[in-house]
Amino acid sequence: MAKVLVSDPIDQAGIDILSQVATVDIKTGLSPEELVQIVPEYDALMIRSGSRVTQEIIEAGTQLKIIGRAGVGVDNVDVDAATRKGIVVVNSPEGNTIAAAEHALAMMLALSRYIPDANASVKSGDWDRKSFIGAEVYKKTLGIVGLGKIGSHVATAAKAMGMKLLAYDPFISTERADQLGCRLVEMDVLLQESDYITLHIPKTPETTHLINANAIAKMKPNARIINCSRGGIIDEAALYNALKERKIAGAALDVYETEPLGDSPLKSLEKQVILTPHLGASTTEAQVNVAIDVAEQIRDVLLGLPARSAVNIPGLGPDVLEELRPYMQLAETLGNLVGQLAGGRVEQLVVKLQGELATNKSQPIVVAALKGLLSQALRERVNYVNASIEAKERGIRVIETRDAAVRDYAGSLHLEAKGSLGEHSVTGALLGDSEIRITDIDEFPVNVPPSKHMLFTLHRDMPGIIGKIGSLLGSFNVNIASMQVGRKIVRGDAVMVLSLDDPLPDGILDEITKVSGIRDAYTVTL
Ligand SMILES: NC(=O)C1=CN([C@@H]2O[C@H](COP(=O)(O)OP(=O)(O)OC[C@H]3O[C@@H](n4cnc5c(N)ncnc54)[C@H](O)[C@@H]3O)[C@@H](O)[C@H]2O)C=CC1
Ligand SMILES: O=C(O)CCC(=O)C(=O)O
C-alpha cells in the first residue's frame, strides 16, 4: 500500500480520503532534517504553509510522486526541483478564496475601528471611548492589487459596503474590472488615490518589495494597507519607518517576510498596526475544502489518474483536462509509436495539430506526445510533469504546427520524428469520443486501432508477400489478431500493419526482413 506523510495539520476529511488508498502518517512540527530523514519512505507528501519542501527534501524523496499543498500558494515548495524529478505538485486554487477575502475585509474594518486595541482596553478594565475614534469605509477608495480570485471577492463585498474601487492587475482585462465595478489603473494612480490598499497577488520577483519606501511615499497620509497575500511583497522595514513617522495611517498584516514573525519592530506599534499569524485560510470551511480538494488529487495520482490542479503540468487545468484527455491519450500513443519506429536517438519531433484540434490548446498535447516518445527510454520515470524538461535535456527539438484545413477526421494529430536512424511519421485520430485510430504510417493511409504488440513492414506490394509473413509468424507460434495493408499505388511501396496476440520472439524480425520484397520491419509494443 502507498504511504502518505501529512506534515502539517490537515482537516480529518482529507485524512479519510487518503486512507482509502494509502497508509497515512501524520507527523507535524518536523524539522527540515527530520523531514529529509523520513521522506524516502513516502509516495506522497501533504502540507499546508508550515512545511518548507526544499530541493534537499525533494531529492531525498526517492518514492515521491506527488506533493499536495492544502492551500493556494506553493512558494513553500521548490516546484522546479519537483518538476525535474517528475513529482506532481498540486494545490487547492479555490478552497480558501472566501476565507482569505473575508480575512482581508475583517482586517480593513478592524484597522479602521481599532477593534483589537479597543477590545484589549476593555478587557484590561478601562472604558476609554476617546482613543478609538475610527474612520468609515463607506465612500472611501479601496485600491485592490491583484484582481484574481480573492481580489475579485473583496471587490464585490467592498462594493456592497459603498466603497469606490480601483484595481491594479496587468493580467486582467478592463471588461473584467468593469464587471467587478473597479477602475483599472496603473500602480502609481492606485497608490496616490486609495484610502485603503489591499494586496492579493502572488510573491514573484516582480512583486517582491512592490510596496517599498518609494511606493509608500506616494500613498495618502490617511492610507491604510492590508496584506493577506504573501510576506515580502511589503518591505517591512520601510513600512515600519512610514508608520512610525505617521506617513500613512495604518497597516494590517497576516503574512510576513519571515514566518513565524520574530522580533519585529512592527510589534511595538500600537493601534495603527494589526498583526495576525497567517490566518487568512483559517476557517473551518476553508480547511475542509482544501483538505478534500488536495486529498482527492493525491488519491487520484496514487491510483495512476491525472490531478486536476497540478501547478507544474503546463496548461492542465480541470476544464482543459476534461476536454483534451482523449487527445492526450492519442498523442501519447502516437508519440510512443513514432519513437519506436524511429528507434535510436530522436533529434526532432514535429507535432502537427490538424482539423478541430488545431484550434485547441496545444501544450498538453505536445507534452503528452513527448511523454509517449520518451517512454521507451525512461519508462515510468517520464510523466506529464517532466516530459518537456527531459526532452530538452536530450536535445530534442520540438516543432509545433497547426493546420485547421485538414478535415479527414474532425481532429487529427500528425507526428514526425527525425533521429539518428532515420525519419518516420504517424497520424492518428479519434473515432467517436475516445477510440484511437492510427490513420497513416509514413504517409501510407491505414485505419487500425493500436494494440499492445504490433508489427509494421515496409514492402513492395506484390502477390504472396502477406502469405509469407503470415506463415513465418505461424511457424513461431505468433497469432495475428488483425492485418491491414496501406499503399499509395498498386504494386508500388506499401506498409503492412499487424496486430499480434503475442510479443514477437527474438530473431523473427531478422527472418522477416529476409523475405523477398520486404524493405524494413519494425516491432512496436504499446
Ligand atoms: N493569507 C492566507 O492565508 C492566504 C493567502 N493567499 C495568497 O493570496 C494571493 C492571491 O491568491 P488568489 O487570489 O487565489 O490568486 P489568483 O491567482 O486568483 O490571483 C492573483 C492575481 O494577481 C495578479 N498578479 C500577478 N502578478 C501581478 C503583479 N505583478 N501585479 C499585479 N497583479 C498581479 C494576477 O493577474 C491574478 O489576477 C496568493 O499569493 C495566495 O498565496 C491565498 C489564500 C490564503
Ligand atoms: O495553509 C494555510 O493556512 C495558509 C494558506 C495560504 O497562505 C495559501 O493558501 O496560500
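Ligands are counted one by one from 1 in listed order, and the atoms in each one are counted from 1 as well. As a basis for the values below, the full set of heavy atoms in this structure was taken, side chains included, without hydrogen atoms, waters or symmetry mates.
Of the protein's non-hydrogen atoms, the one nearest atom 6 (C) of ligand 2 is R69 NH2, 3.2 Å. For atom 44 (C) of ligand 1, the closest non-hydrogen atom on the protein side is A100 CB, 3.7 Å. Among all non-hydrogen protein atoms, the one lying nearest atom 1 (O) of ligand 2 is R48 NE, 3.0 Å. Closest to atom 33 (C) of ligand 1 among all protein heavy atoms lies I201 CG2, 3.4 Å. C228 O, 3.3 Å is the protein heavy atom nearest to atom 5 (C) of ligand 1. Closest to atom 34 (C) of ligand 1 among all protein heavy atoms lies D169 OD2, 3.5 Å.
Under the 3.5 Å distance criterion, with hydrogens and angles disregarded, a donor-acceptor pair is assigned to the side chains of E34 and S31. Side-chain contact check for S412 and Q354: at least one donor-acceptor pair (N or O, by modelled atom type) lies under 3.5 Å. A donor-acceptor pair shorter than 3.5 Å can be found between the side chains of S131 and D128.
Residue L279 has no N or O atom closer than 3.5 Å to an N or O atom of ligand 1.
For ligand 2, the atoms closer than 4.0 angstrom to any heavy atom of G73 are 8 (C), 9 (O), 10 (O). Those atoms of ligand 1 with a heavy atom of G73 less than 4.0 angstrom away are 41 (O). Residue-ligand proximity, T207 to ligand 1, at heavy-atom distances under 4.0 Å covers atoms 28 (C), 29 (N).
Between T198 and V145 the shortest side-chain heavy-atom distance does not fall below 4.5 Å. A 4.5 Å side-chain heavy-atom check between L266 and L243 finds at least one atom pair inside the cut-off.
Other residues, nucleotides and ligands contribute at most 12 non-hydrogen atoms within 6.0 Å of the NZ atom of K247. At most 12 heavy atoms of other shown residues, nucleotides or ligands fall within 6.0 angstrom of atom CZ in R113.
Contacts of N96 with ligand 2, taken as heavy-atom pairs under 4.0 Å, involve the side chain alone.
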